[in-house]
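Have a look at the structure below, then the notes.
FYI, side chains are in, hydrogens and waters are out, and symmetry mates aren't considered; it's all heavy atoms of this structure. If you read the sequence from its start, that first residue is 1, and numbering goes on from there. The structure presented is a predicted model; accordingly, all values stated were derived computationally and were not measured.
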Amino acid sequence: MIDTTGKKNGHGAYIQKSKETFEKAKKNKALARALEIEIPEEIYTQLEAMLDE
């Protein structure tokens, strides 16, 4: 789940809102390591769409 407010309960990870940082995090699987789960491609698609806003 993507929480743009940063206020939902549970374990989370932050990523800087830049295309370069997003691409690097996706390539290095940084979010998957931080959250200790596999990140579905759908989540990456949603995050990328948020960068274009």
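- Considering every non-hydrogen atom in both L31 and A13, the closest pair reads CD2-CB, 4.0 Å.
- Separating the CD1 atom in I43 from the CD atom in E48 is a distance of 13.0 Å, to the nearest 0.5 Å.
- Hydrophobic clustering (side-chain heavy atoms under 4.5 Å, transitive across Ile, Leu, Val, Met, Phe, Trp, Tyr) keeps M1 apart from L51.
- Annotation: salt bridge (Lys or Arg N to Asp or Glu O under 4.0 Å) contacts involving residues 25-39, sequence neighbours excluded, comprise K26-E41.
- In terms of heavy atoms, F22 sits closest to Y44 at CZ-O, 3.4 Å.
- Y14 and L35 are not part of a single hydrophobic cluster, where members link through side-chain heavy atoms under 4.5 Å apart.
- From L47, atom CG reaches atom CD1 of I2 across 4.0 Å, with rounding to the nearest 0.5 Å.
- Going from atom CE of M50 over to atom OG1 of T45 covers 13.0 Å, rounded to the nearest 0.5 Å.
- With sequence neighbours excluded, the residues satisfying side-chain hydrogen bond (donor to acceptor under 3.5 Å, both in side chains) with E42 are Q46.
- Here D52 pairs with K19 under the side-chain contact (heavy atoms from CB on, under 4.5 Å) rule; sequence neighbours left out.
- Judged by distance alone, the side chain of D3 and the main-chain N or O of T5 form a donor-acceptor pair under 3.5 Å.
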